[in-house]
*Asks:* 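Take a look at this one; I'll ask things after.
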Amino acid sequence: MPDKDFFEKVFWIVRQIPYGKVSTYGHIGEAIGLKSSARMVGWALNSVAGDLSIPCHRVVNRNGELTGKRYFATPDMMREMLEAEGIEFIGEHVNMEKHLWVPSIKE
DNA sequence: CCGCTGACCCTAG
DNA sequence: ACTAGGGCCAGCG
């Protein structure tokens with residue numbers, strides 16, 4: 001991964017999340033080099049909330065919970081989008097066992 | 001420069 | 001499943 005701004009790195013990773021998969025703030029943070037700063041990842045996404053070129057709905061916390069749903073147009077939108085991609089839910093959280101995608105670091 | 005804030009994460013109880 | 005505390009990095013007033 002080329003050396004870019006923090007935001008660029010986050011977007012670069014998030015855009016690589018395949019259809020029907022989800023990733024976590026922690027893994028993304030690790031992928032861009034900020035091992036213990038998963039907060040920054042969500043923060044970066046917040047700055048581009050509404051940008052359809054970035055599938056921010058595929059990013060959840062380590063527990064599979066949709067922590068960012070409140071930043072969407074409606075609280076239900078995030079889940080609707082994920083279910084539309086075939087992602088399974090267990091109660092209020094995503095079935096991580098089945099849909100977790102770990103970002104791979106490559107140029 | 002200081003202090004607060006945050007779409008998180010870990011550990012402990 | 002719950003709460004509480006500490007750490008984390010970047011922006012902003």
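A note on names: the letters A, B, ... follow the listed sequences, proteins ahead of strands, and every chain is numbered from 1.
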*Asks:* Between A:Asn46 (CG) and B:dT5 (C1'), how many Å, whole number?
*Replies:*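 Roughly 12 Å, once rounded to whole Å.
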
*Asks:* Nearest whole Å is fine: how far is C:dA1 P from A:Ile90 CD1?
*Replies:*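 Whole-Å distance recorded here is 10 Å.
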
*Asks:* Roughly how many Å is it from CD in A:Glu30 to P in C:dC8, rounded to a whole number?
*Replies:*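 After rounding, the reported distance stands at 16 Å.
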
*Asks:* Using side-chain heavy atoms (C-beta onward) and a distance below 4.5 Å, is A:Phe11 in contact with A:Ser53?
*Replies:*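 Not in contact.
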
*Asks:* Both A:Asn63 and A:Ser37 contact DNA chain C. Which one's nearest nucleotide lies toward the 5' end?
*Replies:*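 Result: A:Asn63.
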
*Asks:* Nearest to the A:Leu34 side chain among C:dG11, C:dC9, C:dC8, which nucleotide is it?
*Replies:*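 Of C:dG11, C:dC9, C:dC8, C:dC9 is nearest to the side chain of A:Leu34.
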
*Asks:* From C-beta outward on A:Phe7, which listed nucleotide comes closest to its side chain: B:dC9, B:dC8, C:dG11?
*Replies:*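 Between B:dC9, B:dC8, C:dG11, the one nearest the side chain of A:Phe7 would be C:dG11.
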
*Asks:* Ignoring the backbone of A:Met40, work out which of B:dG6, B:dC8, C:dG11 is nearest its side chain.
*Replies:*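 Among the listed nucleotides, the one closest to the side chain of A:Met40 is B:dG6.
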
*Asks:* Expressed as a whole number of angstroms, how long is the span from A:Ile32:CD1 to C:dC8:P?
*Replies:*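 Distance check: A:Ile32 CD1 to C:dC8 P gives 16 Å.
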
*Asks:* Please work out if A:Asn61 contacts a base, only the sugar-phosphate, or nothing of the nucleic acid, heavy-atom cut-off 4.0 Å.
*Replies:*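 Counting heavy atoms under 4.0 Å across all strands, the contact made by A:Asn61 is with sugar-phosphate only.
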
*Asks:* Looking only at side chains, do A:Glu80 and A:His57 share a donor and an acceptor under 3.5 Å apart?
*Replies:*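 No, no side-chain donor-acceptor pair sits under 3.5 Å.
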
*Asks:* Any side-chain N or O of A:Thr24 below 4.0 angstrom from OP1/OP2 of B:dC8?
*Replies:*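 Indeed not, no polar side-chain atom of A:Thr24 lies that close.
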
*Asks:* Expressed as a whole number of angstroms, how long is the span from A:Lys9:NZ to C:dA10:P?
*Replies:*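 Distance, rounded to whole Å: 10 Å.
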
*Asks:* Nearest whole angstrom, please: distance from the P of C:dG11 to the CG of A:Leu45.
*Replies:*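 After rounding, the gap between these two atoms is 15 Å.
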
*Asks:* Can you find a side-chain donor-acceptor pair between A:Arg62 and A:His27 that sits under 3.5 Å?
*Replies:*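 Yes - a donor-acceptor pair under 3.5 Å links their side chains.
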
*Asks:* Can you confirm if the NZ or CZ of A:Arg79 lies within 45° of the ring axis of A:Phe89 and under 6.0 Å from the centre of its six-membered ring?
*Replies:*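 Flagged: A:Arg79 positioned over aromatic ring of A:Phe89.
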
*Asks:* Between atom CZ in A:Phe6 and atom P in C:dC8, what is the gap in whole Å?
*Replies:*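 Taking CZ of A:Phe6 and P of C:dC8, I get 16 Å after rounding.
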
*Asks:* Of the listed nucleotides (B:dC9, C:dA10, C:dC9), which one gets closest to any side-chain atom of A:Arg62?
*Replies:*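 So the side chain of A:Arg62 is nearest to B:dC9.
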
*Asks:* Sub-3.5 Å donor-acceptor pair from the side chain of A:Ser47 to the main-chain atoms of A:Ala44, do we have one?
*Replies:*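 The answer is yes, because a donor-acceptor pair under 3.5 Å joins these two groups.
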
*Asks:* Nearest-Å distance, CZ (A:Arg39) to C1' (C:dC12)?
*Replies:*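 Result: 16 Å.
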
